[in-house]
Amino acid sequence: MKAFTYERATDVTAAVKAVAETPNARFLAGGTNLLDLMKLEIETPAHLVDVGRLPLSAIEATADGGLRIGAMATNSQVAADATARARYPVLVEAIVSGGSAQLRNKATVGGNLLQRTRCAYFYDTAKPCNKRQPGSGCSAIGGLNRNAAIFGASDACIATHPSDMAVALTALGAQVETLKADGSSRMLAVADLHRLPGVTPQVETELSPGELITAVVVPAPPQGGQIYRKARDRASYAGGLASVAVAGGQVALGAVAHKPWTAAQAQAALAGGASHAEAAKAELAGAQDQGRNAFKIALVGRLMAAALDEAKQGRGA
Amino acid sequence: MKTTITVNGEARALDLDTRVTLLDALREHLGLKGSKKGCDHGQCGACTVLVNGVRINACLSLAVMHDGDEVTTIEGIGTEAALHPLQQAFLTQDAFQCGYCTPGQICSAVGMLQEAAQNWPSQATEDLTAAIALTDAEIRERMSGNICRCSAYPQILAAIRDVAGEPA
């Protein structure tokens, strides 16, 4: 691990200012992804501002029937929240399908959204990777790309975003609330937080340098069933090969793109009265495989249709 | 960097490089070798300790993040003269072979039983709004963050089930 200095933030505004004004500074929340990447020297910050004890962990009802989740709430705290369990089962199911209990006890909501890809070449510092070292090339194209994207990939990067929680938040139409270095705050849809790789896969979100996620705001739950379904190599404690979140008529996919993927074509087909299988087919018309991940296209088709069936039958309704 | 962590009930003053993980602080600086380093990447659970009563991977946390925290390691769970019920159950059920993962398994199980008692859900929970029943499927799912290379899982499950007191 490269040497770095550390400070514990006691004030949100001061924390944002510290990261904005210190060269190569990063926020540190739970640290479960950042510290792992620092050990491998994939992340090499010179200064860490620990925001883990900032008073940003409250989970509270909003005036319009939604839920405001502080960015420093742990994944476990959100999953255990009575309102989340009663009204947002897709969110709770997504959270408890991710990582292990130990990781969920430490990982925060804000950190979960900003975790980085598990692409094997991003982790393998002996190999080219445009995300880790811009301009070096993409080893996954033509390489071991079983877990690569089937939507929205580019010639520069075919990595996927690993979060389960973000997929459920996307289907629920949630927004992130942020604080910028200039003191202004803004709301941004979770669906618009992450970027497609394009020619700059190292730029993963729309956040500006030093901008801190302070909360996630989930609107009132939609009419209709909610469900999260995840396919993976082990029954527990494994990243997804593909996942589907359904919340009423909203559908989002995980582990298939550089960001939580809004299944817009499927949603439009469903709104037009298409069957669940037809809706899945409509979405997958835009899918493109990389060879070893071709199985994901059939997998997503079946997973999406089955999840829609189950949601309609009242699961989580 | 000066950091004070209460470990097994005793305040310990440390002066550490910021890079030292909580696991290395416990093992290399405080001589508490019970917590094990398996993968050092949060994938095996051998380093599981309780921080303020909640189980985490000590390898994926910096010691300086824990200034003022209360940490419990396997050395703070039971004594040779008075074993913790989980320690006794692991012996009774023969829930280990090499023993390397055992401190993490036991710390994890202590935290897991508290989580279930607080009604926290898991992936195995059928009804998210009902009280948690610690079925075998629930125990297996909740302990999936602890790998046992000897594959003593059936015995680990039996030991935890004994202490949980739930029907098989």
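A 4.5 Å side-chain heavy-atom check between A:D50 and B:L62 finds every atom pair outside the cut-off. Between A:L35 and B:M65 the shortest side-chain heavy-atom distance falls below 4.5 Å.
Within residues 38-59 of chain B, the residues having any heavy atom under 4.5 Å from a heavy atom of chain A are, by residue number, B:D40, B:H41, B:G42, B:Q43, B:G45, B:T48, B:V54, B:R55, B:I56, B:N57, B:C59. Of residues 77-100 of chain B, not one residue has a non-hydrogen atom less than 4.5 Å from any non-hydrogen atom of chain A. Of residues 106-115 of chain A, those residues lying under 4.5 Å from chain B by any heavy-atom pair are A:K106. By a heavy-atom distance cut of under 4.5 Å, B:T18, B:R19, B:T21 are the residues of residues 2-33 of chain B near chain A, going up by number.
The part of B:E115 that comes within reach of chain A is its side chain, from C-beta onward, which places non-hydrogen atoms under 4.5 angstrom from that chain. Neither the backbone nor the side chain of A:I95 comes within contact range of chain B, judged by heavy atoms closer than 4.5 Å. Only the side chain of A:R53 comes within less than 4.5 Å of a heavy atom in chain B; its backbone stays farther off. Only the backbone of A:A235 comes within less than 4.5 Å of a heavy atom of chain B; no side-chain atom from C-beta onward does. Looking at A:L48, only its side chain comes within 4.5 Å of chain B, counting heavy atoms on both sides. With a 4.5 Å cut-off on non-hydrogen atoms, A:D36 touches chain B through its backbone and its side chain both.
To the nearest 0.5 Å, atoms CG (B:L128) and OH (A:Y88) are separated by 14.5 Å. With values rounded to the nearest 0.5 angstrom, A:Y237 atom OH is found 12.0 Å from B:E141 atom CD. To the nearest 0.5 Å, atom CE of residue B:M143 and atom OG of residue A:S236 are 11.5 Å apart.
Interface check for chain A: of the options B:S61, B:P121, B:S108, B:S144, the most heavy-atom pairs under 4.5 Å are formed by B:P121. Heavy-atom pairs under 4.5 Å with chain A were tallied for B:T129, B:N119, B:N146; the largest tally goes to B:N119. Contacts with chain B were tallied for A:A101, A:A84, A:G99; A:A101 has the most, counting heavy-atom pairs under 4.5 Å. Counting heavy-atom pairs closer than 4.5 Å to chain B, the top residue among A:L34, A:T5, A:D81, A:L28 is A:L28.
Within a 6.0 Å sphere centred on CD of B:E70, other residues, nucleotides and ligands contribute 12 heavy atoms or fewer. Enclosure of atom CD in A:E41 by more than 12 non-hydrogen atoms of other residues, nucleotides or ligands within 6.0 angstrom is indicated.
Using a cut-off of 4.0 Å between Lys/Arg side-chain N and Asp/Glu carboxylate O, A:R85 and B:D127 are scored as not salt-bridged.
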